[in-house]
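Fair warning: this is a prediction, and the values are worked out from it, not measured in the lab. Here is the naming used below: chain letters follow the sequence lines, and residue numbers restart at 1 for every chain.
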Amino acid sequence: MAERCAVVGLGQTKYDRCLRVTMDGLVREAALKALDDAGLTFADIDAIVLGKAPDALEGVMMPELSLCDALNAVGKPIHRVHTAGSVGASTAISAVTLIESGMYNTVLTVAYEKQSDGDFMWALSGGKSGGQGAGGSFAPWIRNYIARSGAPEHIGWKVAVKDRLNALKNPLAHLHMEDINLESVKESPMLWEPLTFYEACPSSDGAAAMVMTNKAGVKRSSSKAPPAWVIAHAKRTELAVYPGRDPVKPLAGVDCAKELYKKAGITDPRKQIDCAELYVPFSWFEPMWLETHLICEEGDGWKMVDEGATEIGGDFPVCMSGGVLSSNPIGASGMVRCLEAANQVRGTAGDYQVDGAKVAMGQAYGGASNYFAMWIVSSDPDPTFN
Amino acid sequence: MSEFPISFTLEYPYERTLGPVIGPFFTALRDGRVLGINCGNRVICPPVEYDPDTGATLEPDFVEVGPAGTVENWTWIAEPTSKHPFQEPFAFAQIKLDGADTAITHAVKAAGPDAISTGMRVKIQFCDERVGAITDVYFVPEADAQEQTITPGEKEVRKTIHKISLVYKEKLYPSRARYVQGLLDGKFIGQRSPKTGKVSIPGKGYDSIGRVTLSEADDVELSATGTAVSYTVITPIQYQGQTKTEPYISAMIFLDGSDQPLIAQEVHGIPADEFRAGIRLRAKFKAAGERNIDDICNSWMFCSTGDVIERWEPTGEPDVPFEDFPEFI
Amino acid sequence: MAEDIAIVATALTPCYRNYADSEPSMIMSLVNQILEETGVDRYKIDFTIAGSSDYLSGAPFSFIASVDGYGASPPVYESHVEMDGAWALFEAFVRLQCGDIDLALVVGSGKSSPGSPREIFPIQTDPYVQAPLGLDPVSVAGLQANALIEAGKATERDFAEVVSRSRRDALSNPNAQVAKDVSVEDLLKAPYYATPLRKHDLPPITDGASAMLIARGDRAKELCDNPVWIRGMDHRIESHHLGLRDLTDSPSTRIAAKNLGLEVSSLDVAELCVRYSPEEIVLRQALELGTNTKVNPSGGPLAGHPVMATGLTRVVEVARRIRLGEASRGLAHATSGPALQQNLLCILEGDA
C-alpha cells in the first residue's frame, strides 16, 4: 500500500423509526459528529464517499447529486457505492482505498437510510404484491442451517435476547427492549417460520460517518481518542443464483474471511480477534456467520452462542452495540458494523466497551447472501499475532 | 414466437420529514408567504440548512421575500411531461425574488414564449389547495397576477408527500418469453447449458458459470414433479401493493432434472404441520384458459410461475432423505 | 509514487434504441470479447467494478443480476457504483494505485428504453424543492442554453454546429445510433423544444454497455503491445441548487483539469460527454480547448447515449484512437447530474 489508513473520527445519529429531519440534516448530523470527533472541519476533507442501499427506498436517484452541498462536497470528488445490504461496509472500504492509494489525505465517508420516507418491503418487491420480505428469502436457508447443524431452536431466541440487551447499553440503538427474554422472543408472532418477530431487525432511519486519514494526517488530527488503524479489508461477491450454490455457507463469505485473515496476518481468528460486529439482521445469522467466516468449525457456531461466548464478557463478543437486530438503517448498517469495530479498538464504546479490545472485525453481507465486505481494525498500526 | 409486452408502474407516495428549514419554508408557502434564509450577507431562497460555502449549520433565521421577482433565466417547454406542473406549454425560469440574493427555479404560466423574457417581472401565485409542498405555488407575469387572499393553515408543516410514479414498458426477454409460453401450455421450460450440462429454470438466455449464450436450441422441458427442499410459512407483511393477507407455505422446489430450485412456490391444501423438506410434489396446472402469467416480468428477483398452477399435490412417493438433496443443500 | 496504469482492452456494444435481451447478456458479450482478446482467465482478474442504475429500468437491486454478466463463480473481489461506469473506472484506478493488485475489469451498462428518461431524471434533483416540479434534464439544458446565449457565450448556430458535426462524424462510427449528414441551416429550421433548444440538441434514448480491462505497470505491457496509459483521473461536483451555479461555466471541470495539470495544447483528441449541444460550448470554454484538439470524433453522446455507460464509452473511444495511432494523447470526460453538475476527467496517452 502506498499509505496506511486510520479512522480518526466516528459519528452516528440516533437510530429510530422516523427521524424528523431532511436527508440533508440526517447525513450532516453524522458527518459533523465524525468531524468533531476527529477535531477537523469540512475544509480538511479532500474527498467524500457516500453509500446507501437502493435509490428507490427514498425515491432519490443518485443522491450524491442532491446531498453534495449538505456534505460540503462542492468542488471536491464525491463517490457513491451501492452493493445491496453490504453497502455500508463496501463504502467504508472504498474510502480506505482512497487513502491507501496515496491520492487523498483525508476522506469523509457517510452512509445512511431514511427508510421512513418510503417502504422497504415495497422497494424489495419492486412495488408488487407477494413480496416475502428479506426474512421470507432467508428463512428457508436458516431452516437448512438448523437441519445441518442440529442446533436447538432456542439459539435464535438467545441471539435476539443478547443483542437487545447489548442495545440497552447503546443510547443510539433503535430498539431498547428492557423486558426482552427467551420466552418473549419465542412467543412473539411467527413471521417467517422458524423466525419470530423478535428475531428480525427493525426498520430504522439513521446515518453513520467516519473520517479517515493517512499517517501524516493522524499526526495532524486533534482527535481526542486514538486512531483505529485499518489492518486489512476484503470483499467477495458471488452469483446470486447458480446451480450448486450453497446459500447457507456461501463460498463468497468463506473466501472473503480467508482473504481478510491472510492480509491481517491472523491465523486463529477466535483467539486473535477481540470482538466482532457482524451483520445479523435475523438472529440465526450469528451462528451462520461464525461458521462461514471460519471463527469456529462448521457446526460449532450455535455452540458458541449457547455457551455465551458471543456475549460481552465472553471470549468472542459479537454485536456489542446491539447490532442490526437493534438498529437497521439498511444502507448505513454495514458502515455501523465497521464503525463500531473502530469504536471498540479506540476504547470509546462506553457501556458496551469490550475490556482491552485491540483488534476488532466489522462485517456486512447483502443481496441473496452473495455480497460480503469486512475489515479488521486495530489500536496498533502493526499488530503481531501469535 | 409469441411476444409478451409488459408494462409496470413503479409508484410510491414518499413521505418526507422536513426539519428546521424546509418545514418552515413549506409552512409559509401554504400560508401564502415565501421565506428565504439569512446566510452571511445574503438571503438564500429556497432556504438551505447550511452555508453553501463552508458547510456550517445555519440558524433558522428567515426573512420574507417576494411575492414578486425578476426572471434571470428561462426556457419555454413546448411539450411538458406528465410530471410537470402544467400540461400545456409553460416556462421553467430562474427567478430572483425581491429581497433574495439567489434564484429559485420554478414554473411560470404565460401566454407563450414571447410572453416571457429575462429581466421580466413575475409574481408568485398560490394554488387553491395547498398542502405544504413546492407545488403549492407557481409564477405568472406580474401583469397577469391575481390578488389573492390566503387563509393560513393551522398546524406547522412537518412532512411533504412526494408521489413518484414511473411507467416502464418492455418485452419479456426471449428466453423468458419461451418459459412463459411453456407455462401457458402447461409445461416447465428450462435451459441446459451445453458447457456445464446444468439445467436452470427459468433459463436466462445465458449460462453465467460457463459464460456462454443459450438459445432456443438449449431449451428443455422439465417434469412437473419435484422435491421441496426447504420452505417457510409466511405471514404477509402489509405494504402498498401487497394483496396477500393469510399465512401460507412458501417452498423451494427442485423439479426433477433441474439444477436450480423454483423459489417461493406457494403451497395450499397441505397443512403446515404436515409439510416437510423432502416431500415429493407434483404441479397440477390450471385449465388451459385459466392460466395467467401477467405478473411475470423480466426481473431476476421476482420470476414466479405466474398464476398457472392449480396446486402442488403430494405424489405419494417416499420423501427424499436429506442426504440425497440436490448438490446445493 | 504514482503507479503506471494502462487500458489493455476495451469493448463496446452498439448503441441500441431497444435491446431485446437483458443487461447481463450485453455485459457478458463484452467481457467475453475482452477475455478472448487478452487471453486472461476471468478468475485471474484481481478486481471487478461496475456502474449502473436501478431506476433506469425500474428494478431495485438490478445490479445484482449484472454480476451474471461478468461472472462470479468462484467468488470475486467486486464492487458497484450507482454512477456512470467512468466512476467505476475511477475507483478501479484508485484501487490499482494501492499497489497490491494488478488487474481490474470495469463495466458500465444501462437500458434506458423501458422507461421515460425525462420523467425519471427529475428525481435526481433536490427531493424537497425541485423534484416534485418534474424539473428534467432537458429543461435544465434549456436553461443552460439560454444562459449561454444571454451571456454572449454562444449562439443558436453554435449549438446547431455541434449537432451537425457530431451527427456527421457519427457516420464513421459503426456503433452510433444517430448518424446523418445534416446542415446547420436545416437544423435551425426545426421548432423549439425547450427554447432555445430543439429536439436535435438532445441525445437519443439508448441501451448499451462498455467495458475495459486495466492493468498496472509491467502487467499492462505483458497483456498487449500498445497499452494506453491513464495519466490521471479526477472528478469534482458542483452545487445542486441551480441558483448557486453559473450555468455558463463549469468550475468543477476547471478544478479537475488544474488538479491534473492538464495541458490542453498536447491533446489530439477529446471525447466529451456532450448530452445536450450547449454542454460542448461550456466544456470547450472551461477546458480552453484549442483547434488542435478534435472533439468527439465518434459523434459523442448526441449520436448514442447509453446512460451509465456513456462516460466510460468516452474513455473507450479515446483509448481506441490512441491504439489505432490516430492520436497520441487524449482527454475523456464524463458527467453526471443536470447541466454538467459533476464532471470527471481522464487523461490518456499512448506509448509513443
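For C:Gln342, the part lying under 4.5 angstrom from a heavy atom of chain A is the side chain only. Only the side chain of A:Asp255 comes within contact range of chain C, with heavy atoms under 4.5 Å apart. Contact of C:Ser52 with chain A is not made at all, since no heavy-atom distance falls under 4.5 Å. With a threshold of 4.5 angstrom between heavy atoms, C:Ile255 approaches chain A through side-chain atoms but not through N, CA, C or O. For chain A, the nearby parts of C:Glu82 are the backbone and the side chain; heavy atoms of each come within less than 4.5 Å. Contacts between C:Asp234 and chain A at a heavy-atom distance below 4.5 Å involve the side chain alone, from C-beta outward. When heavy atoms are compared at a cutoff of 4.5 Å, A:Thr91 does not approach chain C at all. For C:Thr125, the part lying under 4.5 angstrom from a heavy atom of chain A is the backbone only.
Of the listed residues (A:Ile78, A:Val60, A:Leu251), the greatest number of heavy-atom pairs within a distance under 4.5 Å of chain C belongs to A:Ile78. Among the candidates A:Val254, A:Thr22, A:Ile99, the residue making the largest number of heavy-atom pairs closer than 4.5 Å to chain C is A:Thr22. In terms of non-hydrogen atom pairs under 4.5 Å with chain C, the most contact-rich of A:Met103, A:Glu58, A:Lys52 is A:Met103. Among A:Val49, A:Thr83, A:Val241, A:Val87, the residue making the largest number of heavy-atom pairs under 4.5 Å with chain C is A:Thr83.
In this structure, CD in C:Glu91 is found 10.5 Å from OG in A:Ser101, a value given to the nearest 0.5 Å. The distance from the CD1 atom of C:Ile237 to the NZ atom of A:Lys76 is 12.5 Å, given to the nearest 0.5 Å. Interatomic distance, C:Tyr77 OH to A:Glu259 CD, rounded to the nearest 0.5 Å: 8.5 Å. Note: A:Met61 CE to C:Ser53 OG = 3.5 Å, rounded to the nearest 0.5 Å.
Contact detail for A:Val81 and C:Ser79: the closest heavy-atom pair is CG1-OG, 4.2 Å. Shown here for A:His79 and C:Trp87, the closest heavy-atom pair between the two residues is CE1-O, 3.3 Å.
Taking the side chain as every heavy atom from C-beta outward, C:Val94 and A:Leu98 approach each other to under 4.5 Å.
For residues 109-118 of chain A, an interface with chain C (any heavy-atom pair closer than 4.5 Å) does not exist. Applying a 4.5 Å heavy-atom cutoff, the residues of residues 63-75 of chain A that approach chain C are A:Glu64, A:Leu65, A:Ser66, A:Cys68, A:Asp69, A:Ala73, A:Val74, A:Gly75.
Ring geometry for A:His82 versus C:Phe61: interplanar angle of 30 to 60°, hence tilted. Using a 30° and 60° split on the angle between ring planes, C:Phe90 and A:Tyr104 fall in the perpendicular class, above 60°.
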Show me the side-chain donor-acceptor pairs of residues 63-73 of chain C shorter than 3.5 Å, one per line, residues at least two apart or across chains.
residue, atom, partner, partner atom, Å
C:Asp68, OD2, B:Lys204, NZ, 2.7
C:Asp68, OD2, B:Tyr206, OH, 2.6
C:Tyr70, OH, C:Glu78, OE2, 2.5

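The ring pair (Phe, Tyr, Trp, His ring centres under 6.0 Å) check on A:Phe42 picks up nothing, with sequence neighbours excluded.
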